[in-house]
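Below is one structure, written out as structure tokens, with a few remarks after it.
Naming: A, B, ... by sequence-line order, numbering from 1 per chain. Because only heavy atoms are used, hydrogens play no part in the values below, and waters and symmetry mates are left out as well, while side chains stay in.
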There are 2 protein chains.
Amino acid sequence: MTTHKQQREQQAKRPLRADTERTVQTILEAAERVLTTNPAATMEQLARAADVARTTVHRRFATREALLDELTGWAARQFADAVDTARPDAAPPLVALYQVTANVLSVKTHWSFAMNRAAEDAHPEAARIHAEVRATCARLFRRAQEAGVLRPDIDLDWTRRVYYALIHEAAKEGAGGGDTDALATRVVDTLLRGAGAPAGLAGQTGV
Amino acid sequence: MTTHKQQREQQAKRPLRADTERTVQTILEAAERVLTTNPAATMEQLARAADVARTTVHRRFATREALLDELTGWAARQFADAVDTARPDAAPPLVALYQVTANVLSVKTHWSFAMNRAAEDAHPEAARIHAEVRATCARLFRRAQEAGVLRPDIDLDWTRRVYYALIHEAAKEGAGGGDTDALATRVVDTLLRGAGAPAGLAGQTGV
DNA sequence: AAGACATGCAACATCAATGTTGCAAGTAGA
DNA sequence: TCTACTTGCAACATTGATGTTGCATGTCTT
């Protein structure tokens, strides 16, 4: 006799059967999809979204927490990949900035729930990864400042937070699968130039 | 005999006793405080934070929902006030922009949970108020654009969303009661000028 | 001081979500 | 084909949060 508990305990030791692996994927993707619009969704709802019985979900993930953790870790790794691929420490600052933005956007539009959750901690690996990315981002911005891309007088931490916020905002827009490159262009443009008209032009009636 | 249910049903009809009014205030403030860091906080936790028995909370608010709605409405009204006080339709665009930012920040640093929730809907009044504010904001930005404060080629809706995001970000920083004016200055500055160095200066090695 | 009202406390009822198990039926893979 | 594994289903146990009530005690208000 093999109880679910026992099955799960062996999960790590043995390779999964092909169809099972697919099921796990399906569940994770459905979970992401549902949780993005309703973070408090029930296991039942997640199961139905994956077109699977609730018990099946429990067979693969011991607890709800375990499922969320899996999602979180998955997204964090994708995140790290997206950043590294852009060669943030090697490419010229502006190029790297643009590339990082585009890559991250494409991940974030598809894994928005999991990525937000990762920032919360409670998941050591994800926390570590996000801290690393933050550091990488800080280095990139420092290089950008030294290269004259960013104003010398600006607060780099504030700038990084603004950058994150802009990406977050752009990701909402691109949720349905918009043009990542166009969004990235807009994010970088807004970050660097802002929305104001260059000083010294016509119509400065305010102040 | 007066059951709690009956008490609550009369709540609207009668003026509250002085100490009760204070209790209600205390509960709302404590709820805001706790929910900001833990949106899933229990009624028990909210009660303890207000230094009150759980039953007392239930006596004043029929359900958890009712409590949250009260918070939401309260915050929405403060929000509307903050915007209107800045004379967004009359003052010169830049002045209005700065003033609105400062006012909203001071509200948002103290009612961050309730303000975020208001955007979600489920509360007709709050939804209406937020829609109005959004419209006011749009008008202000249009005026700013016509006055040459904002670039003529920019997407005003994106700009508004960026503006909201910047305020949100600044509000996090000022949570402990930071200098609202300084934060507002930074928000407006970032929105208008961005973080980039003016074009045509030294060191444009990137791209 | 007296009546009305508010509070804390303890106990209870309900309910929804989580997690478990056994079993029958179906599928993967050798 | 045969075996091992997986799934759906139905049923159950548990838990934590919500909401209710009665009562004793204390505090306003007049």
Side-chain angles (χ1 to χ4, degrees), chain A residues 1-31 34-35 37-71 113 117 122, chain B residues 1-31 34-35 37-71 122:
Chain A
M1 184 206 313
T2 310
T3 68
H4 297 175
K5 205 170 199 167
Q6 288 163 340
Q7 266 181 243
R8 275 193 311 254
E9 270 153 17
Q10 295 185 356
Q11 194 181 350
K13 306 174 189 173
R14 293 208 252 163
L16 295 174
R17 219 170 77 174
D19 58 347
T20 303
E21 189 120 23
R22 233 172 320 162
T23 304
V24 172
Q25 277 299 321
T26 308
I27 293 175
L28 288 177
E29 284 162 16
V34 173
L35 291 168
T37 68
N38 173 21
T42 294
M43 290 298 264
E44 177 70 36
Q45 294 176 274
L46 301 186
R48 293 182 67 86
D51 213 45
V52 155
R54 188 170 65 92
T55 41
T56 301
V57 178
H58 273 115
R59 258 188 284 257
R60 297 303 154 198
F61 304 96
T63 70
R64 184 195 159 91
E65 265 303 295
L67 169 52
L68 298 196
D69 282 356
E70 194 65 34
L71 259 189
F113 169 79
R117 191 181 134 81
Chain B
M1 186 207 310
T2 309
T3 68
H4 297 174
K5 204 170 201 168
Q6 289 164 341
Q7 266 181 243
R8 276 195 310 256
E9 271 152 16
Q10 295 186 356
Q11 195 180 349
K13 306 174 189 173
R14 294 210 252 162
L16 295 173
R17 217 170 79 175
D19 58 345
T20 303
E21 189 120 25
R22 233 172 322 164
T23 305
V24 172
Q25 277 299 322
T26 308
I27 293 175
L28 288 176
E29 284 162 17
V34 173
L35 291 168
T37 68
N38 173 21
T42 293
M43 290 298 264
E44 178 70 36
Q45 294 176 274
L46 301 186
R48 291 182 68 86
D51 212 45
V52 155
R54 188 171 65 90
T55 40
T56 300
V57 178
H58 273 114
R59 259 189 283 258
R60 297 302 154 202
F61 304 97
T63 72
R64 185 196 158 89
E65 266 301 297
L67 168 52
L68 299 196
D69 282 357
E70 193 65 33
L71 259 188

Can Arg64(A) and Glu70(A) be counted as an ion pair, charged N to O under 4.0 angstrom?
no
Nearest-nucleotide pick for Met43(B), side chain only, options being dT18(D), dT18(C), dG8(C):
dT18(D)
Can you tell me if the side-chain N/O atoms of Thr55(B) get under 4.0 Å from OP1 or OP2 in dG8(C)?
no
Report the nucleotide, chosen from dA28(C), dG19(D), dG8(C), that has the shortest atom-to-atom distance to any side-chain atom of Asp19(A).
dA28(C)
Within less than 4.0 Å of OP1 or OP2 of dT7(C), is there a side-chain N or O belonging to Thr23(B)?
yes
Rounded distance (Å) that lies between atom C1' of dT18(D) and atom CG of Leu46(B)
12 Å
Given dC28(D), dT7(D), dT27(C), which nucleotide is nearest the side-chain atoms of Arg17(B)?
dC28(D)
In terms of the nearest nucleotide of DNA chain D, which residue is placed more toward the 5' end: Arg22(B) or Gln45(B)?
Gln45(B)
Does Arg59(B) make a side-chain donor-acceptor contact with the base of dG19(D), cut-off 3.5 Å?
no
Given 3.5 Å as the limit, does a donor-acceptor pair link the side chain of Thr42(B) with the main chain of Gln45(B), or not?
no
Would you give the length of the straight line joining atom CZ of Arg60(B) to atom OG1 of Thr56(B), rounded to the nearest 0.5 angstrom?
8.0 Å
Gap between atoms CZ and C1', on Arg48(B) and dT18(D) respectively (whole Å)
17 Å
From C-beta outward on Arg60(A), which listed nucleotide comes closest to its side chain: dT18(D), dT18(C), dT7(D)?
dT7(D)
Quick check against the 3.5 Å criterion: does Gln25(A) have a side-chain atom that pairs as donor or acceptor with the backbone of Arg22(A)?
no
Ignoring the backbone of Thr56(B), work out which of dT29(D), dG8(C), dG8(D) is nearest its side chain.
dG8(C)
Do Arg54(B) and dG19(D) have a side chain to base donor-acceptor pair shorter than 3.5 Å?
yes
Between Arg17(B) and Asp19(B), the two heavy atoms sitting closest are NH2-OD2, 3.0 Å
For DNA chain D, whose closest nucleotide is more 5', that of Glu44(B) or that of Asp51(A)?
Asp51(A)
For Ile27(B) and dA6(C), what is the distance between atoms CD1 and P respectively, to the nearest whole Å?
12 Å
Please report, rounded to the nearest Å, how far the P atom of dA10(D) is from the NE2 atom of His58(A).
18 Å
